[in-house]
Amino acid sequence: MITSQLRADLTEYNQLHTITAVESGEASQSEAACLLDDLGKVDFRLLKELVGKSEEVNPEEWSPVPSPVQIASEAAWYPTGLQAVASGEVAACVLAGGLGTRLGLSG
């Protein structure tokens with residue numbers, strides 16, 4: 001069931017299209033329940049804030065990725081990678097569903 005709060009949030013953030021399959025009956029009961037549960041967990045205000053901050057970043061100011069280091073095996077670089085993540089030296093961002101395009105990124 002689509003709660004009034006979820007409907008209000010989806011309306012406010014222009015995301016009503018996300019429940020089209022639920023409202024049309026195209027989604028099964030289990031699919032609808034899963035989708036509505038996931039949507040209910042989204043903090044749309046925070047998401048909008050974060051996307052707004054990302055628009056303030058100029059990709060031309062980013063540091064280039066250094067040339068890859070040649071290491072013979074995964075066993076050799078795996079601990080180094082874990083240490084870099086633990087130290088906050090690396091990050092990854094996966095963009096899907098056209099978000100990269102909307103943020104002005106290509107490739």
Side-chain angles (χ1 to χ4, degrees):
M1 177 177 164
I2 302 168
T3 65
S4 58
Q5 181 60 55
L6 178 57
R7 184 174 297 281
D9 287 345
L10 295 175
T11 300
E12 180 179 351
Y13 294 98
N14 196 27
Q15 296 298 311
L16 274 174
H17 62 279
T18 60
I19 57 172
T20 302
V22 173
E23 293 187 314
S24 69
E26 183 180 340
S28 70
Q29 286 185 338
S30 63
E31 291 169 332
C34 184
L35 175 62
L36 296 176
D37 183 55
D38 286 347
L39 287 172
K41 295 174 184 174
V42 175
D43 184 339
F44 290 100
R45 183 203 56 77
L46 176 60
L47 187 57
K48 183 176 181 178
E49 179 184 330
L50 293 173
V51 169
K53 286 182 180 181
S54 71
E55 292 171 348
E56 297 170 7
V57 176
N58 180 357
E60 293 178 10
E61 296 175 359
W62 295 349
S63 300
V65 175
S67 299
V69 176
Q70 298 298 320
I71 298 178
S73 70
E74 179 179 331
W77 59 260
Y78 188 78
T80 303
L82 288 179
Q83 181 59 44
V85 171
S87 300
E89 297 173 352
V90 295
C93 178
V94 178
L95 304 175
L99 184 57
T101 303
R102 287 191 287 273
L103 295 175
L105 305 174
S106 62

Would you indicate whether Tyr13, at its atom OH, is surrounded by more than 12 heavy atoms from other residues, nucleotides or ligands within a distance under 6.0 Å? yes
Of Val22, Ile2, Thr18, which is the lone residue that meets side chain to side chain contact (heavy atoms under 4.5 Å, CB included) with Leu39? Thr18
Side chains of residues 81-90: which donor-acceptor partners sit under 3.5 Å, not counting sequence neighbours?
residue : atom : partner : partner atom : Å
Gln83   : NE2  : Ser87   : OG           : 2.9
Ser87   : OG   : Gln83   : O            : 2.9

Inter-residue atom distance Leu10.CG - Leu16.CG, 0.5 Å rounding: 5.5 Å
How close do Asp9 and Phe44 get, heavy atom to heavy atom, and via which atoms? CB-CD1, 3.9 Å
Kindly say whether Thr3 contributes a backbone atom to a donor-acceptor pair with the side chain of Gln5 at under 3.5 angstrom? no
Going hydrophobic residue to hydrophobic residue with side-chain gaps under 4.5 angstrom, can you get from Val42 over to Leu50? no
When the side chains of residues 23-37 are checked against the rest of the protein, which donor-acceptor pairs come out under 3.5 Å, sequence neighbours left out?
residue : atom : partner : partner atom : Å
Glu23   : OE2  : Arg7    : NH1          : 2.9
Glu23   : OE2  : Arg7    : NH2          : 2.6
Ser24   : OG   : Thr20   : O            : 3.1
Ser24   : OG   : Ala21   : O            : 3.3
Ser24   : OG   : Glu26   : N            : 3.3
Ser28   : OG   : Ser30   : OG           : 3.3
Ser28   : OG   : Glu31   : N            : 3.1
Ser28   : OG   : Glu31   : OE1          : 3.3
Glu31   : OE1  : Ser28   : N            : 2.8
Asp37   : OD2  : Lys41   : NZ           : 3.1

Cluster overlap Ile19 with Leu47, hydrophobic side-chain contacts below 4.5 Å: yes
